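Written below as structure tokens is the structure these notes are about.
On a predicted model such as this, the values are computed, not experimentally measured, just so you know.
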Amino acid sequence: MTETTYALTVNGRAVEVRGDDDTSLLHVLRHELGLAGPRFGCGVGLCGACFVLLDGNAAPACDTPMWAAAGKNVVTVEGLGDGDELHPVQQAFLDGQAAQCGFCVSGVLVSAAALLAENPQPDEPAVVAALDRNLCRCGVQRRMVAAVLRAAEGGAP
């Protein structure tokens, strides 16, 4: 295969990476750019561990080839906050102890941030639906939903 140079914006920074068309965005983020937030889970875009914002929409980085990410704006969990300030959903997860093992959390946070950007005042069914594509095996889904609702309200636990 022929390598191509891809230009994209990652967490607000313009980057250029070289790779094959079928190289996954997840591989580039983790191995070329050193971002450990998106994790490899299932490898087929079904578990949510690798979710990133791709032009504002939660998308599986493991299942997104570089040709599809070229020219787009990518935000990982590392880029959700504003400088030294956490994104409201990140702060709500910390305040509400909404994470257990942490493996799925980066993808859940990305999905929650996408929801709040689209719907700043979601109700519980909307949060549940938005997080439906994120697999959590620790059983803390109720705390996660509560944290997203708190972030939407702008409140503490």
Side-chain angles (χ1 to χ4, degrees), residues 6 8-13 15 17 19 22-82 86-153 157:
Y6 299 96
L8 57 155
T9 302
V10 178
N11 296 334
R13 191 184 89 198
V15 297
V17 293
D22 293 332
T23 300
S24 74
L25 176 59
L26 180 63
H27 177 84
V28 169
L29 293 171
R30 289 185 63 83
H31 301 289
E32 304 296 325
L33 301 178
L35 296 168
R39 294 185 171 83
F40 182 85
C42 66
V44 291
L46 297 176
C47 73
C50 67
F51 278 13
V52 297
L53 295 178
L54 192 60
D55 281 348
N57 299 305
C62 74
D63 203 21
T64 301
M66 282 308 298
W67 63 263
K72 300 218 170 134
N73 184 34
V74 178
V75 178
T76 68
V77 69
E78 295 95 337
L80 287 179
D82 185 18
L86 294 175
H87 185 281
V89 78
Q90 290 172 311
Q91 189 63 56
F93 265 58
L94 286 173
D95 294 344
Q97 298 179 7
Q100 184 81 22
C101 79
F103 193 81
C104 69
V105 174
S106 61
V108 171
L109 290 168
V110 164
S111 293
L115 168 66
L116 294 179
E118 181 181 316
N119 179 2
Q121 296 296 313
D123 58 11
E124 185 172 336
V127 174
V128 169
L131 301 185
D132 187 53
R133 294 177 56 201
N134 297 88
L135 175 64
C136 172
R137 295 185 179 192
C138 295
V140 295
Q141 291 90 338
R142 297 296 321 146
R143 284 190 276 171
M144 291 178 175
V145 169
V148 175
L149 290 170
R150 272 193 307 278
E153 294 169 359

Which atom pair, heavy atoms only, marks the closest approach of [X] to [Y]?
X: Ala147; Y: Ala98; answer: CB-CB, 3.8 Å
X: Ala58; Y: Ala114; answer: N-CB, 4.1 Å
X: Leu115; Y: Ala126; answer: CD2-O, 4.1 Å
X: His87; Y: Ala113; answer: NE2-CB, 3.8 Å
X: Pro38; Y: Val52; answer: CG-CG1, 3.9 Å
X: Val44; Y: Cys62; answer: N-SG, 3.7 Å

Tell me every residue that passes salt bridge (charged side-chain N to carboxylate O under 4.0 Å, His left out) with Glu32, counting only those two or more places apart in sequence or in another chain.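 Listed in chain order: nothing, the list is empty.
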Quick one: does [X]'s side chain have a donor or acceptor within less than 3.5 Å of a partner on [Y]'s backbone?
X: Ser106; Y: Gly37; result: yes
X: Gln90; Y: Leu109; result: no
X: Arg30; Y: Ala36; result: yes

Roughly how far, to the nearest 0.5 Å, is [atom2] of [Y] from [atom1] of [X]?
X: Lys72; Y: Leu53; atom1: NZ; atom2: CG; answer: 13.0 Å
X: Cys136; Y: Phe103; atom1: SG; atom2: CZ; answer: 11.5 Å
X: Gln91; Y: Leu80; atom1: CD; atom2: CG; answer: 13.0 Å

Name the residue from Thr23, Val28, Val17, Leu25 that meets the side-chain contact (heavy atoms from CB on, under 4.5 Å) definition with Tyr6.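 Output: one option passes, namely Val17.
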For Arg143, what residues pass the side chain to side chain donor-acceptor pair (under 3.5 Å) criterion, not counting sequence neighbours?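 Partners of Arg143 by the side chain to side chain donor-acceptor pair (under 3.5 Å) criterion, ordered by chain and then number, come out as Gln100.
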List in chain and number order the residues that pass side chain to side chain donor-acceptor pair (under 3.5 Å) with Thr76, two or more places apart in sequence or in another chain; answer none if no residue qualifies.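 Partners of Thr76 by the side chain to side chain donor-acceptor pair (under 3.5 Å) criterion, ordered by chain and then number, come out as Asn11, Glu78.
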Just wondering, do [Y] and [X] contact through their side chains at under 4.5 Å, heavy atoms?
X: Val128; Y: Gln141; result: no
X: Val108; Y: Cys104; result: yes
X: Pro60; Y: Arg133; result: yes
X: Leu8; Y: Asn73; result: no

Any ring pair (Phe, Tyr, Trp, His ring centres under 6.0 Å) pairs touching residues 23-70, not counting sequence neighbours?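 Qualifying pairs, neighbours excluded: His27-His31.
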Among residues two or more places apart or on two chains, list those pairs meeting side-chain hydrogen bond (donor to acceptor under 3.5 Å, both in side chains) that have a residue in residues 54-63.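 Non-adjacent pairs meeting side-chain hydrogen bond (donor to acceptor under 3.5 Å, both in side chains): zero.
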May I have all residue pairs that pass side-chain hydrogen bond (donor to acceptor under 3.5 Å, both in side chains) and include part of residues 118-128, sequence neighbours excluded?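 For residues 118-128, and leaving out neighbouring residues, the side-chain hydrogen bond (donor to acceptor under 3.5 Å, both in side chains) pairs sorted by first residue read Glu124-Arg142.
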Any chance you could lay out the side-chain contact (heavy atoms from CB on, under 4.5 Å) test for Thr9 and Val74, step after step, and finish with the verdict? CA-CA 6 Å; Thr9 302; Val74 178; over 6 Å; no
Could you walk me through whether Leu33 and Val15 pass the side-chain contact (heavy atoms from CB on, under 4.5 Å) check? CA-CA 9 Å; Leu33 301 178; Val15 297; 4.3 Å; yes
Regarding Ser111 and Asn134, do their side chains bring together a donor and an acceptor under 3.5 Å, going by distance alone?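 Short answer, yes.
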